[in-house]
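Below is one structure, written out as structure tokens; comments come after it.
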Amino acid sequence: MANAAEDTTLAPPQNAPPQNAPPENVPPKRWGDEEDDPVEEPSASSSNSEEKVASELKVEALTINDDESKINKFLDEPQDSNITAVTDTPYESASSFEDLNLSPDLLKGLYVEMKFQKPSKIQGISLPMILNPPHKDLIAQAHNGSGKTTCFVLGMLSRIDPKLKMPQALCVCPTRELAIQNVEVLRKMGKYTGITSECAVPMDSKHYVPISKQPPISAQVVVGTPGTIKKWMSSRKLGVTKIKILVFDEADHMLAEDGFKDDSLRIKKDIEKHSSHCQVLLFSATFNENVKNFVSRIVKDYNQLFVKKEELSLEAVKQYKVRCPDEHTKTLVIKDRILELGEHVGQTIIFVRTRNSASILHKALVDLGYAVTTIQGAVSAEDRDKIVQEFKNNLTKVLISTDLLARGFDQQQINLVINYDLPVKYETSEPDYEVYLHRIGRAGRFGRKGAVFNLLCSDRDEMLMSKIEHYFGSKVAEVKSWDSDEDFNNALEVAGLL
DNA sequence: AAAAAAC
């Protein structure tokens with residue numbers, strides 16, 4: 001498998017300045033970001049067109065020479081990101097995927113299917129830690145949209161024994177949508193490896209088959225949500241004896257007291273009871289002090305990558321606050337200012353705090369003649385899948401969501417995020433800083449430009465906003481008048497979207 | 001209150 005001992009240095013925080021000015025709007029894909037295909041034919045089911053692109057690109061992609069990738073080494077980092085490594089094992093940061101001793105089939109998937117050229121910063125640092133013996137556990141924090149998914153997907157794919165037709169890797173995610181998205185990335189990246197995968201989320205009613213009537217899972221990788229994974233494990237359909245890598249995506253939430261802590265620990269303990277050595281990977285953009293403290297106690301001998309909270313905000317995403325006289329005005333601002341101007345910009349996601357306000361806002365915008373779709377946890381599985389697919393295919397432009405989609409949702413065409421409500425922690429008056437950061441991270445994937453509009457209409461909102469600014473040390477500019485097209489136009493121009 | 005939930 002991977003290199004045993006590497007006689008090299010610990011990966012230092014790299015502060016290499018970009019050698020070129022950042023490109024205007026959409027940076028060319030030079031390093032391993034996730035799916036980057038602009039949707040050309042919204043109606044086409046993507047598989048056919050992808051086949052074509054893949055074969056066209058095959059020759060070029062596979063002949064990228066080493067020298068060229070070294071020349072490009074410092075280009076196009078989405079920001080001068082400071083990731084600090086804590087480890088007592090020497091690792092060398094990978095500057096090309098060739099450095100990682102991946103199988104040819106996996107490299108082909110990276111270049112041909114994913115169209116990656118070189119690892120992003122988090123990938124370069126974390127992958128040697130994940131892939132090389134002694135396969136230590138890892139707590140990895142990195143910016144939103146910096147390519148964390150690729151880290152753990154590649155980790156799972158490269159540690160599978162292809163001859164063993166049993167579950168060997170398990171990835172636990174907080175939502176159905178994230179599990180589906182992750183398994184799609186895994187299948188695309190692993191297309192040439194023959195590795196099999198299963199998505200463990202509740203079946204929609206159309207495909208429902210009782211678990212007792214289903215055969216045991218033979219897929220080598222399982223990606224899913226806690227409830228279904230637990231169900232499969234307890235009904236003995238998901239064997240865990242051969243699992244050697246366990247991933248928690250959005251790990252801070254998966255292990256938070258008010259998140260999925262109990263489910264996650266249960267899954268982890270069951271695996272560790274029955275499997276000899278299982279590597280645990282915890283990935284998220286956020287780990288607050290509380291949860292960092294807790295997670296560092298549940299992993300064993302581990303490596304750690306982290307980012308200071310003051311350096312976590314995405315520089316390419318401009319944040320604004322808009323003072324509105326009342327709740328009703330918020331709807332008008334969304335309709336008359338943001339959506340009118342944003343129409344030519346890309347896709348928009350509007351976050352609301354409750355399912356109920358999602359429905360109310362949905363109805364208000366539809367009544368005003370806007371085509372919007374809404375997703376929240378009370379929507380049926382089928383409809384959720386359909387709504388997400390339509391949005392990912394760019395058939396819908398404006399999506400209203402609860403915090404269901406706050407984390408991980410990867411859609412590169414989103415460049416406007418609207419906080420209809422600011423996120424607040426349950427049973428306290430404190431802002432939910434982590435959710436705020438994840439929400440705004442839905443824009444600005446891989447260094448792309450974006451704008452966030454926070455709609456405020458009370459002293460409480462003002463207080464929440466200023467606490468958020470203070471916490472992240474990031475300035476939130478003011479849009480002077482909610483009533484002024486010029487002000488909004490200007491805001492989008494400053495954000496680089498017009 | 002949001003998230004998962006074949007209970």
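By convention in this document, chain letters (A, B, ...) are assigned in the order of the sequence lines, proteins followed by strands, and residues within each chain are numbered from 1. Quick note: numbers below take in every heavy atom, side chains included, and nothing from hydrogens, waters or symmetry partners.
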**Asked** Roughly, in whole Å, what's the span from CD in Glu434(A) to P in dA3(B)?
**Response** 18 Å

**Request:** Mind checking Glu427(A) for me? I need base, sugar-phosphate or nothing, with any heavy atom below 4.0 Å counting as a touch.
**Result:** nothing

**Asked** Rounded to the Å, how far apart are Tyr436(A) OH and dA1(B) C1'?
**Response** 20 Å

**Request:** Could you check if a side-chain atom of Thr373(A) sits within less than 4.5 angstrom of a side-chain atom of Leu399(A), using non-hydrogen atoms only?
**Result:** yes

**Item:** Among dA4(B), dA6(B), dA1(B), the nucleotide that comes nearest once only the side chain of Asp258(A) is considered
**Value:** dA1(B)

**Request:** Classify the nucleic acid contact of Val424(A) as base, sugar-phosphate or nothing, counting any heavy atom under 4.0 Å across all strands shown.
**Result:** nothing

**Prompt:** What is the nucleic acid contact for Pro174(A), judged by heavy atoms within less than 4.0 Å: base, sugar-phosphate only, or nothing?
**Reply:** sugar-phosphate

**Asked** Atom CZ of Phe248(A) and atom P of dA4(B): how far apart are they, to the nearest Å?
**Response** 17 Å

**Asked** Within 45° of the axis and under 6.0 Å from the centre of the six-membered ring of Tyr370(A), does NZ or CZ of Lys335(A) qualify?
**Response** no

**Complete:** Which of dA3(B), dA6(B), dA1(B) is nearest the side chain of Tyr426(A)? It is dA1(B)

**Message:** Taking the minimum atom-to-atom distance to the side chain of Thr402(A), which one of dA2(B), dA5(B), dA1(B) wins?
**Reply:** dA2(B)

**Prompt:** What nucleotide, of dA1(B), dA6(B), dA3(B), holds the atom closest to the side chain of Arg384(A)?
**Reply:** dA3(B)

**Message:** Taking 4.0 Å as the cut-off, does a side-chain nitrogen or oxygen of Ser212(A) come that near to OP1 or OP2 on dA6(B)?
**Reply:** no

**Request:** Could you tell me whether Lys330(A) sits above the aromatic face of Tyr420(A), with NZ or CZ closer than 6.0 angstrom to the six-membered ring centre and within 45 degrees of the axis?
**Result:** yes

**Complete:** Between Asp410(A) and the options Lys392(A), Arg442(A), Gln181(A), Arg445(A), the side-chain hydrogen bond (donor to acceptor under 3.5 Å, both in side chains) test singles out Arg445(A)

**Lys231(A) or His253(A), whichever maps to the more 5' nucleotide of DNA chain B** = His253(A)

**Request:** Measure the distance from CE on Met233(A) to C1' on dA5(B) and round it to the nearest whole Å.
**Result:** 16 Å

**Asked** Which part of the nucleic acid, if any, lies within reach of Gln214(A) when heavy atoms closer than 4.0 Å are counted: base, sugar-phosphate only, or nothing?
**Response** base

**Prompt:** What is the distance from CZ of Arg176(A) to C1' of dA2(B), rounded to the nearest Å?
**Reply:** 18 Å

**Asked** What is the distance, rounded to the nearest whole Å, between atom CG of Asp403(A) and atom P of dA4(B)?
**Response** 11 Å

**Request:** Please work out if Arg355(A) contacts a base, only the sugar-phosphate, or nothing of the nucleic acid, heavy-atom cut-off 4.0 Å.
**Result:** sugar-phosphate

**Complete:** Taking dA6(B), dA1(B), dA4(B) as options, the one with an atom nearest any side-chain atom of Thr175(A) is dA4(B)

**Asked** Under 30°, 30 to 60°, or over 60°: which ring-plane class applies to Phe260(A) and His253(A), parallel, tilted or perpendicular?
**Response** perpendicular

**Asked** Nearest-Å distance, CD1 (Ile375(A)) to P (dA2(B))?
**Response** 15 Å

**Request:** Using a 4.0 Å heavy-atom cut-off across all strands, classify Leu404(A) as base, sugar-phosphate, or nothing.
**Result:** sugar-phosphate

**Asked** Please give, in whole Å, the distance from dA4(B) C1' to Glu250(A) CD?
**Response** 15 Å

**Message:** Looking at Phe453(A), I'd like to know if the NZ or CZ of Lys321(A) sits under 6.0 Å from its six-membered ring centre while staying within 45 degrees of the ring's axis.
**Reply:** no

